[in-house]
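These numbers come from the heavy atoms of this one structure, side chains and all, not from hydrogens, waters or symmetry mates.
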Amino acid sequence: MDVFPDFGAVGGADDLRAIIGALLMYVLIFAVLAILVCAVTWAFASSSGNYQSALKSRAGLFVAVGAAVLAGGGVAWMNFLIGVGQQL
């Protein structure tokens with residue numbers, strides 16, 4: 001019994017795949033920009049002794065890293081599961 005997802009059965013699947021790819025690209029670009037801005041702000045705030053800004057910048061940095069990991073890791077995890085599903 002061969003049961004596996006048929007991605008060609010849904011009309012517009014290629015368009016949906018392109019849209020999701022574009023959204024993931026934007027998420028990764030904005031996450032990298034947020035990482036850069038938060039890291040620079042964290043450095044300046046720490047060196048000037050403004051600890052509240054440093055804490056908020058650090059929190060923003062961790063959120064941006066988490067978003068990048070989720071966006072990149074989600075794609076890798078989905079590809080892994082599709083590969084495992086095709087071997088069953």
Side-chain angles (χ1 to χ4, degrees):
M1 183 167 152
D2 290 332
V3 177
F4 58 92
D6 185 12
F7 294 111
V10 179
D14 291 334
D15 294 335
L16 182 62
R17 188 172 295 168
I19 290 170
I20 290 173
L23 288 175
L24 285 173
M25 181 193 69
Y26 284 120
V27 167
L28 289 176
I29 288 173
F30 286 123
V32 169
L33 287 176
I35 288 170
L36 291 174
V37 168
C38 288
V40 169
T41 305
W42 185 12
F44 282 130
S46 295
S47 65
S48 66
N50 191 348
Y51 296 110
Q52 286 186 336
S53 294
L55 287 175
K56 290 184 181 193
S57 301
R58 186 172 55 186
L61 180 74
F62 290 147
V63 168
V65 168
V69 167
L70 285 177
V75 172
W77 180 249
M78 185 60 72
N79 288 333
F80 172 74
L81 291 178
I82 289 173
V84 168
Q86 289 178 349
Q87 293 176 356
L88 296 177

Side-chain donor-acceptor contacts of residues 28-46 below 3.5 Å, not counting sequence neighbours, with atom names and distances?
residue : atom : partner : partner atom : Å
Thr41   : OG1  : Val37   : O            : 2.7
Trp42   : NE1  : Ser46   : OG           : 3.4
Ser46   : OG   : Trp42   : O            : 2.9

* For the hydrophobic clusters of this structure (ILVMFWY residues joined by side-chain heavy atoms under 4.5 Å, transitively), does one cluster hold both Val63 and Leu55? -> no
* Which other residues belong to the hydrophobic cluster containing Ile19, where Ile, Leu, Val, Met, Phe, Trp and Tyr are joined when side-chain heavy atoms lie under 4.5 Å apart, directly or via other members? -> Leu23
* Are Phe62 and Leu70 connected in a single hydrophobic cluster, I mean Ile/Leu/Val/Met/Phe/Trp/Tyr linked by side-chain heavy atoms less than 4.5 Å apart? -> no
* Structure fact -> The complete set of side-chain hydrogen bond (donor to acceptor under 3.5 Å, both in side chains) pairs with one or both residues in residues 52-77, sequence neighbours excluded, reads Asn50-Ser53
